[in-house]
Every structure is written in structure tokens, then in C-alpha cells.
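Please read these numbers as outputs of a predicted model, since none were measured by experiment. We use all heavy atoms of the structure for the numbers below, so side chains are in, but hydrogens, waters and symmetry mates are not.
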Amino acid sequence: MMKLKCQLIAYPDAPQEIIERGETLLKNKIQSVEIDFTNQHPDALFIVTGGSENQAKHLLEERNQVLLLAMTESNSYAAASEIKSYCLSKNILSTLYNIDHETNINYEVENYLKSKHALSQISQYKIGLIGHVSEWLINSNIDNNILNQRLGIELEQISWNDFPAYDQYESSSDFLDHFSNNGFELDESSKVYKLLQDIIDQKQLDAITVECFPLVRENAVTACLGLSLFNTIGLPAGCEGDMTSITGKIIAKELTGQIPWMANLASVNDDGVFFAHCTIATNLVSDYKINTHFETGLGTAIQGRFKSENATVFRLNRNLNKAFLSYGRIVERPERNDSCRTQIKIELPNTDIQKLKENPLGNHHLIIPGNYTELLKHFFTLIEIEIV
């Protein structure tokens, strides 16, 4: 059971029975988490009465986020509104719930704790951008300062020339074992994986996004299988140097435990959205085969059958202040010859389809098996990302 560290505050010199009543009321309302009443680094402040605003103000010094809980009686919510306003003026991330009226207060508190923990984990990430953001991704880069200020993520740009050429590496037995029995010669792809593994180890990276087309153009070899394997074993890895996608992959992993599939928004129609890409983690597909890379006909790529029957779809913008978020049913798994190798068609609400048609945040979207819309909504609200 998760634990909520909570401090109760009331007007100065409030009788002990008021505090004790607050403890009882809160425990009766929130039962899905263990409540630890403490004055030491609490996750939440429960505003028991009015007249507690100044006390809250002092407690909020040097804090960057807080959960505010209140109720209707004793001017509790009135005081909490003033405190919430103060948080907004000081750029303190805050969420306010009236425990009398939130029908899903237990669920909301759980999501808050999950989001808070995820944000803490995300802030420890170091991303390696290997090469550059691909030239066609004209609205998918994220400024280093925004990335660090919003999420605490460190970014290091790494030149391919800082490391030996991929063909100087030996084949990876782990890679070859993972992709065995496929009918393709994989030594070259295996060496690319080994190169990326060396970069990750030397630079102590927690995630990578790779400008992969230079490899294809210059050496007729791809990183598609290597990126697939990294995602499968739990290290977020993206292609084309897309910063919005790798950031979203990190968020999804820390919130849900799953690394999503990064896919092209290949087509949007009234009856569904067609997504496709040449790399996908093998734990997201029920079966797959190795094929060539679609755009070039070279190297190796994954043509898999997405195994979930439904999925969450989301994407961030380059300023990390907006997100698209939807959920739908997978209605088709095509095998078209005119698109990237792994393909799905997903049925989304008509309002969301119209958003993708008229106001897309960009090309690549992230697809997570299952429904995580409420958890992602909570996380985005916590860090003040608007869902468009």
C-alpha cells in the first residue's frame, strides 16, 4: 500500500480536538493509501480550518510542489483556495481536492502519489542525443533549458565521430540470441547495437534518441533492431533524434512501467487513425519478422503484430506545455507495402480525430497498450501541461 505523508494545519493555537477530528475525517475519506501524519517533508497539507493560510505559506517555503486537501466545513476550502492562489503566484506546482466532493478521492490521491514518484524518477534521467534531431522534424526539438526546468532531465548531445565506426565492434551475442531464427543476416545490425551500448555505458545514459539515417545512407545499415532491443529490456530509445518522443517515452515508463511505441501518424480518417514505424519493442508484439527498412529498402527493421486490443495514444509539444491524449480500440493490423513495417489502425473518439486533423502537435505519437489516460491526465495537470 502506498503511503501519503500528510500534515494537518489549522488556525493558530487551535485545540487538539480539532486536529484529531481532522485526522479522523481524512482517514474515513481516504482508505486506499496509508496516511502518515507528520511534520517532516509531507506530500500533502490538509487544511482543517480557515485562518491557517499564513501557516501554510511558511510551510511552502523552498517547496516546488504540494497536494492540498480541504473540506467544506470550518472555512477549510476557502482557506485552501487562498493557499492555492499563493502557490500559483510562486510557481509552486499544486493540486487541490475537496475531500467532501471528490467522488474518486482515493483514486486521485493514488494518482498524485504515482505522478509525484514518477516526476522524482524522471528528474534523474540523462538523455543522449546521438547525432542531431533529423532535419525533417521541424517542430519536435526541445530546448535544453525547457527540458531541464520543466522535468529536471539532463541532455547530452553526442557526435557519431566521438566513437569508433560501428564496424569496428564485435557482434553482440545477446542481440543475436534475441533476434534468432529470422532468416536475415544480422551481424551488421548487431554491431550497431554494440556501438550504441558502448555510448550508453561510457556516457552513463538513461535514455537515447538516435539520428539514424546517416547510418543508412553511408553504410546501408540501420539501428531499428538495436533500438527495439533497448526498449524491450527497459531503456527508452527513440529514433530520428526526436526529443518530444524520447521525453514522452521516459514519462510513460516511469508512470506506467511500459515504454511506448513511437509511430508515424501515417493517415487520419473519420473511421480511424493509421500508425506505422520500422522499430518496435518485441514485447509489444505477439509475433514479428525481420524486414528491410521501409524508406530505403536497406538494413533491417521489425514488422510486428501489435498484441494489445486497445491503446493510449499521446504526444507532447516542443515547449512541454501541451499534450494530445486519447484512447481507442485497435481495429486493424495492416501489412501495407507503402508504409513503415509495423502498422495498426486505431479507432479514436471523433473529437480526437478532428484534433489530429486540424491541430496536430507533430508527426510521431506514442502508443501504450491499455488505458492510462487518467493517470497521464493527472501527471500532466501536476506539471501544468494542457491537454489539447
Side-chain angles (χ1 to χ4, degrees), residues 124-148 153-176 178-179 184-250 259 262 264 277-279 292-302 318 340 362-364:
Q124 300 175 45
Y125 266 75
K126 181 181 179 183
I127 299 174
L129 169 57
I130 304 172
H132 298 85
V133 178
S134 293
E135 60 184 350
W136 49 86
L137 294 180
I138 58 175
N139 204 37
S140 296
N141 195 7
I142 301 176
D143 183 86
N144 295 7
N145 292 327
I146 292 176
L147 191 65
N148 189 259
I153 293 174
E154 179 184 351
L155 174 67
E156 181 170 354
Q157 186 165 354
I158 301 159
S159 171
W160 288 109
N161 295 329
D162 291 342
F163 287 81
Y166 81 94
D167 57 8
Q168 301 300 304
Y169 288 83
E170 295 182 356
S171 298
S172 164
S173 58
D174 290 342
F175 179 97
L176 295 174
H178 185 80
F179 293 109
F184 258 74
E185 171 55 56
L186 296 182
D187 277 346
E188 297 297 287
S189 297
S190 168
K191 293 176 181 178
V192 173
Y193 172 78
K194 198 72 171 179
L195 163 59
L196 294 175
Q197 192 174 52
D198 186 32
I199 295 173
I200 290 166
D201 291 343
Q202 286 198 38
K203 296 292 187 177
Q204 298 182 304
L205 304 174
D206 304 295
I208 57 171
T209 182
V210 177
E211 183 191 16
C212 35
F213 270 74
L215 283 171
V216 190
R217 292 169 178 156
E218 297 169 17
N219 303 290
V221 66
T222 57
C224 298
L225 268 62
L227 299 177
S228 166
L229 182 52
F230 284 123
N231 284 311
T232 301
I233 64 178
L235 186 139
C239 46
E240 302 176 44
D242 187 334
M243 289 302 304
T244 61
S245 289
I246 193 59
T247 303
K249 277 176 174 270
I250 290 167
I259 299 177
M262 166 185 165
N264 286 332
H277 224 204
C278 281
T279 183
T292 55
H293 180 250
F294 163 65
E295 286 94 340
T296 61
L298 301 170
T300 52
I302 296 205
R318 64 180 299 176
C340 293
N363 170 25
H364 295 135

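We find the CG-OG1 distance between L227 and T209 to be 8.0 Å, quoted to the nearest 0.5 Å. Interatomic distance, CD1 of I130 versus CG of L215, reported as 9.5 Å (0.5 Å rounding). Here L225 contributes atom CG and C278 contributes atom SG; the two are 10.5 Å apart, rounded to the nearest 0.5 Å. Atom CG of L235 sits about 10.0 Å away from atom CG of L196, to the nearest 0.5 Å. Note that CG of L195 and CG of D167 are 10.0 Å apart. Values are rounded to the nearest 0.5 Å. Interatomic distance, I142 CD1 to T247 OG1, rounded to the nearest 0.5 Å: 3.5 Å.
Applying the side-chain contact (heavy atoms from CB on, under 4.5 Å) rule to N264 yields the partners H277, C340, N363, H364; only residues at least two apart in sequence or on another chain are considered. For A207, the side-chain contact (heavy atoms from CB on, under 4.5 Å) criterion is met by Y125, I127, P236, I246, I250, not counting sequence neighbours. Checked against side-chain contact (heavy atoms from CB on, under 4.5 Å), I233 has the following partners two or more places apart in sequence or in another chain: Y193, L229, F230. Partners of D143 under the side-chain contact (heavy atoms from CB on, under 4.5 Å) rule, at least two apart in sequence or in another chain, are N145, I146. E156 pairs by the salt bridge (Lys or Arg N to Asp or Glu O under 4.0 Å) definition with K126, K203, not counting sequence neighbours. For K194, there are no salt bridge (Lys or Arg N to Asp or Glu O under 4.0 Å) partners, not counting sequence neighbours.
Here the closest heavy-atom approach between residue D242 and residue M262 is recorded as CB-CE, 3.9 Å. The minimum heavy-atom distance between W160 and E211, with the atom names listed, is NE1-O, 3.3 Å. Taking all atoms of both residues into account, the shortest heavy-atom contact from T279 to C239 is CG2-SG, 4.1 Å. Scanning both residues, R318 and I138, for their nearest heavy atoms gives NH1-O, 3.7 Å.
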Exercise for the section: For the pair F179 and S190, evaluate side-chain contact (heavy atoms from CB on, under 4.5 Å) and give the outcome as yes or no after the intermediate values. Expected result: CA-CA 10 Å; F179 293 109; S190 168; over 6 Å; no
Practice task
May I have the step-by-step check of side-chain contact (heavy atoms from CB on, under 4.5 Å) for K249 and N231, ending in yes or no?
Solution key: CA-CA 9 Å; K249 277 176 174 270; N231 284 311; 3.4 Å; yes
Exercise for the section: Give the C-alpha distance, both sets of side-chain angles, the deciding distance and a yes or no for side-chain contact (heavy atoms from CB on, under 4.5 Å) between K191 and S171. Expected result: CA-CA 5 Å; K191 293 176 181 178; S171 298; 4.1 Å; yes
Problem - Verdict with supporting geometry, Q124 and D206, side-chain contact (heavy atoms from CB on, under 4.5 Å) - result: CA-CA 9 Å; Q124 300 175 45; D206 304 295; over 6 Å; no
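T232 places a side-chain N or O within 3.5 Å of a backbone atom of S228 that can act as its donor or acceptor partner. Checked by atom type and distance alone, the side chain of T222 pairs as donor or acceptor with a backbone atom of T300 at under 3.5 Å.
H178 NE2: more than 12 foreign heavy atoms inside a 6.0 Å radius.
L129 places a side-chain heavy atom less than 4.5 Å from the side chain of V133. Contact check for F175 versus Q197: no side-chain heavy atoms found under the 4.5 Å cut-off.
The closest side-chain donor-acceptor pair between E240 and W136 falls under 3.5 angstrom. Between the side chains of D198 and Y169, at least one donor N or O sits under 3.5 Å from an acceptor N or O.
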